[in-house]
Amino acid sequence: MTLRNSLVWFRRDLRLDDHAALHHALLSSQRVHAVFVFDTALLADLPPDDRRVQFLHACVHELDSRLRELGGYLIVKHGRAAQEIPRLAAELDAESVFVNRDYEPEAIARDRAVADSLRAAGRSLQSFKDQVIFEQDEVLTQAGGPFSVFTPYKNAWLKRLQAEPEALLPFETRAHAGVLAPAPAREDATLPSLGQLGFTPAGPLVNAGVTGAEHVLSAFLGRLGRYDRERDFPALDATSRLSVHLRFGTVGVRRLVRLLRERAQDGSAGSGDAVWLSELIWREFYMMILWRHPRVVTRSFKPAFDAVRWEDGGDSDALFAAWCEGRTGYPLVDAAMAQLNRTGFMHNRLRMVTASFLTKDLGIAWQRGERYFARQLLDYELSSNNGGWQWAASTGCDAQPWFRIFNPVTQSRRFDPDGTFIREWLPALSRLAGAAIHAPWLAKPAQLEQAGVVLGRDYPAPVVDHEQARARTLERFGVLKQA
Ligand SMILES: Cc1cc2nc3c(=O)[nH]c(=O)nc-3n(C[C@H](O)[C@H](O)[C@H](O)COP(=O)(O)OP(=O)(O)OC[C@H]3O[C@@H](n4cnc5c(N)ncnc54)[C@H](O)[C@@H]3O)c2cc1C
């Protein structure tokens with residue numbers, strides 16, 4: 001049935017190419033409007049200089065320009081999406097609102113509320129799979145249950161893709177763009193400025209929008225073949241840096257997996273390709289886990305781990321602040337936190353090291369660290385952040401076993417052997433030579449003097465002793481043996 005009017009509601013899919021909801025709307029409607037809502041329900045809790053809002057604003061601006069190039073335009077609203085969308089659908093007399101599915105519990109509740117309001121007015125919400133290759137319960141165990149271990153999930157995912165290669169087919173949009181509703185002749189600009197939204201720029205903006213994603217992707221293709229060998233070294237520019245683009249949909253995952261397949265077919269793939277594909281599958285694994293088990297937002301994936309008593313009160317607030325501010329006295333941890341605080345990005349290896357340090361060296365609940373990352377990360381993704389934190393804290397599915405505790409100094413020696421990353425982010429230690437960079441408290445006094453470092457003045461002494469902390473953690477997790 002052809003619809004007269006429909007509305008495509010862009011959320012975390014800020015591109016026009018290979019876009020499932022837009023494709024279906026264009027094919028089934030005589031006229032298609034497009035909208036983005038700066039949702040006050042989400043923006044209300046953010047600081048005025050939030051990096052994500054600045055990034056998002058730039059992406060929305062670009063989306064509007066690209067729609068105009070195709071003869072359409074973007075309606076931009078600032079309010080509660082749950083009210084704005086049904087109201088706009090009524091104003092435009094759109095019979096149907098088209099969206100790409102979101103798997104986060106709050107988004108699911110919001111979409112349900114919007115669907116109910118639309119239905120009450122005789123309209124509908126149509127949702128499509130777009131941000132993953134396989135969603136929800138599309139990848140199941142042979143017994144028909146959900147996976148909770150990654151490797152068998154990945155194998156089943158790959159098998160399904162082999163059986164269903166059409167899952168990668170792009171959703172064509174340009175050929176049907178003629179039905180996009182043009183901007184009204186005397187249109188007031190609908191895109192509010194960052195200031196009108198109540199925000200200020202967080203700093204220089206790099207690589208926003210689809211243009212930014214294309215730039216980042218083409219630079220990465222030159223390194224992709226070596227990804228397996230280099231990805232764990234934070235001083236190297238070895239990973240893709242596409243996480244923020246996958247988060248906001250300025251690149252689509254189908255496009256990335258198609259690229260990998262083309263490289264495999266034309267023989268240009270390297271040993272890094274399969275490892276990178278695994279990372280994209282981890283992303284879908286954690287999205288599936290969150291959709292299936294929304295309780296993980298606040299609780300341990302493995303319920304027995306809710307019995308673990310984390311440090312609370314005493315000096316734990318001061319230790320938490322030292323961790324947040326990169327003042328733990330462990331250089332790799334502090335350099336990582338400096339990278340996060342200054343740029344909104346942290347290398348994956350360092351996310352594991354800092355999360356392990358907070359939970360296993362400081363004994364602080366993963367939920368506190370997770371919330372801090374959620375505020376700071378430009379690529380913040382509830383499913384991956386929650387999954388990563390629960391992995392490091394050992395409370396998650398397929399997590400690090402609780403008795404495996406990263407030694408932050410060993411991690412530093414292994415993954416930043418020359419201290420290049422540490423020196424970049426901790427200028428106070430930049431002149432400290434040799435192995436002392438990994439554990440300045442073990443340096444000879446002459447070495448420290450030569451580097452101009454006085455511990456406790458220029459750089460903190462360690463806030464905990466790792467071996468003692470390790471013993472306390474093993475004791476803390478001992479409750480699991482009694483369970
Ligand atoms: C404690 C912790 C918190 C994390 N929080 C987030 C988060 O909020 N948002 C986020 O996107 N990723 C998160 N990750 C996963 C990972 O660290 C980032 O995706 C990665 O560092 C982003 O850099 P990149 O784009 O260069 O990744 P690449 O190494 O190039 O990987 C390609 C893509 O695969 C996905 N990916 C890679 N590793 C993982 C992983 N372990 N789990 C799920 N997806 C993965 C990402 O979409 C990434 O962009 C977290 C990991 C940990 C251990």
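Fair warning: this is a prediction, and the values are worked out from it, not measured in the lab. In this chain, numbering begins with 1 at the start of the sequence shown. First listed ligand is number 1; within each ligand, the first listed atom is number 1.
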The option among Gln390, Arg231, Arg351, Glu279 carrying the non-hydrogen atom nearest to atom 39 (C) of ligand 1 is Glu279
Could you tell me whether ligand 1 has any atom less than 4.0 Å away from a heavy atom of [X]?
X      : result
Trp391 : no
Phe285 : no
Arg241 : yes

Examine the proximity of ligand 1 to [X] and report which part, side chain or backbone, both or neither, has a heavy atom under 4.0 Å away.
X      : answer
Phe220 : neither
Leu246 : side chain
Thr239 : both
Tyr286 : side chain

*Glu214 and Arg255 ion-paired at < 4.0 Å*: yes
field: N-O pairing of Glu311 and Arg476 below 4.0 Å
entry: yes
Atoms of ligand 1 under 4.0 Å from any heavy atom of Met352, numbered from 1 in the order shown, are 53 (C)
Q: Step by step, work out the ring pair (Phe, Tyr, Trp, His ring centres under 6.0 Å) result for His24 and Phe171.
A: CA-CA 8 Å; His24 288 289; Phe171 287 97; 5.6 Å; yes
